[in-house]
Amino acid sequence: MDPSLLSSSPGSNSRNHHSSKKSNFRGRPLRIGMVGGGTVGGGVYELIMGGGNNGLRSRIRQRPLIITKICVQDLSKPRSFHLDDDRTQMTTSIQSILQDPNIDMVVEVMGGTSVAKTVVETALQHRKMVVTANKELLALHLSSIQNILQEQEEEMASEDNDTIGLLGYEAAVCGGIPIVQTLQTCYMGDVLHKIQGICNGTTNYILEKMEAGALLEDALREAQDLLYAEADPTADLEGHSVRFKICLLAKLAFGVTVPVEDIPCRGITHLEDVDFEYAKVLGCTIKLIGTAQRLHEAREWDGPLCVYVSPVMIPTDHVLGGISSNGNAVAVTSANLGTCSYLGPGSGRFPTANSIVADIGRLADGLGTPPFPIQTDLELDCDYMSIFYIRIPFQDGLGIIKRVGELAEHAGVSIHSILQNPIRDRMSADFCVTTEECKVSQIEELCDAINEQVDFCRAPCRFMPLMIEQIL
């Protein structure tokens, strides 16, 4: 599809029928223009227009749904769904959707952040409802999208327009788990303390295979064969995908727009089999976790907001420790409810399509909620506190433990325990230390000192949070 087609045509009307009161269009079919016709888009089309549509329509009581246009790059490309030519037109012109006054809603499933950004923002400016699964777009351009939403809400309020909700993005975070709607509506009388999530099924699958003894490269190849991982897996392996999602969850839970680049992010590429060996000794497994929490002293949870992405050693009996294969999970800790966990498929054709269709139904029936219901000015401080695991690759010699202890003391880190498996090769071994609770900046200082000031360290130190209250 040609980005030049995004330019507005002369005399085009920037307001469509959606600007009228919702009471005027109840019962009239909601006409949808979908941008993207790949795996997820095909799933959306099948759920709305396919054989299961009667059940869907019976649940969406007020307005029947119809996808009238689908914009794709290549009309000749075979599709994974059967197109109803009598009701749906295929096109390569995005503008034919954005400028069509008869289209009430735009569903963006094309991905990317350039053309997709223009599609989403232009549709909102035209007061078309928008549903998207694009986590990267929302996280990177959250402020500008919020500004457009606020402008449209103010204009509609001045026109006595009672339409509620223009944007749905349930599928952008954890695929089929309804965590966005839950945070938008179910914690209004509560105070949230912490959100932790396994938000990437690809890395969860790879970590499970590595725990069983596979090399990262082999586990990645298997994930790609199963279509869990993209051809370019960088966003998964380096934690970027989780960073986009925890950015959105932090906004929902704490009302703070956190710039993506301000979120510390460490992926899984540095992990080795020895890390899983020590995790087993500690009764743990390793998961890639996105965390957003209020920092606290004496468990008051009243400090700045902290957001980060990191591999975490987590007990195998913890709810997040038990998530297998490409599953996702989010644990929400709050004042009233304690910790509630939400589990389910994080990706896939129909899990993701299901969340998109749920948003479509809510918006179609006028049941949409404010996309980001709270706004706060919490300070951001990502220097979080935790117990830590540090692995030190070394060449055997005298005084190693003593020197590490001296550097730990200088960094203000209290060592809790030292673990070492039997040495099979004196020139290539590893030992680990676990710490008392301290700041991540202190751990970084300690690891930098070990890497730079000792001659026994044969490779950079590696560390990760250790999510247990008491270490064995």
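The structure displayed is predicted, hence computed values, not measured ones. Reckoned from all heavy atoms, side chains included, excluding hydrogens, waters and symmetry mates. In this chain, residues are counted from 1 in sequence order.
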*Apply side-chain hydrogen bond (donor to acceptor under 3.5 Å, both in side chains) to Arg391 and list each qualifying residue two or more places apart in sequence or on a separate chain.*
Asp275, Asp430
_Per the salt bridge (Lys or Arg N to Asp or Glu O under 4.0 Å) rule, what does the pair list look like for residues 346-360, sequence neighbours excluded?_
Glu46-Arg349, Asp359-Arg362
*Which pairs count as salt bridge (Lys or Arg N to Asp or Glu O under 4.0 Å) when at least one residue sits in residues 110-123, sequence neighbours excluded?*
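Sorted pair list: Lys117-Glu121.
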_Sequence-distant partners of His410, side chain to side chain contact (heavy atoms under 4.5 Å, CB included), two or more places apart_ =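 With neighbours one apart ignored, the set is Glu445.
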*Can you name the side chain to side chain contact (heavy atoms under 4.5 Å, CB included) partners of Cys284, sequence neighbours left out?*
Ala279, Leu282, Met313, Pro315, Leu466, Ile468
*Would you check, one step at a time, whether the test salt bridge (Lys or Arg N to Asp or Glu O under 4.0 Å) holds for Arg127 with Glu155?*
CA-CA 10 Å; Arg127 289 195 196 169; Glu155 287 188 25; 2.9 Å; yes
*How would you list all residue pairs meeting side chain to side chain donor-acceptor pair (under 3.5 Å) that involve residues 314-327, not counting sequence neighbours?*
none
Using modelled atom types and a 3.5 Å cut-off, is there a donor and acceptor pairing between side-chain atoms of [X] and backbone atoms of [Y]?
X	Y	answer
Asp190	Asn336	yes
Arg266	Met464	no
Lys209	Ala219	no

*When the ring planes of Tyr389 and Tyr278 are compared, do they come out parallel, tilted or perpendicular, using 30° and 60° as the limits?*
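Ring orientation, 0 to 90° scale: tilted.
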*Between Asp232 and Thr234, a side-chain donor and acceptor under 3.5 Å*: yes
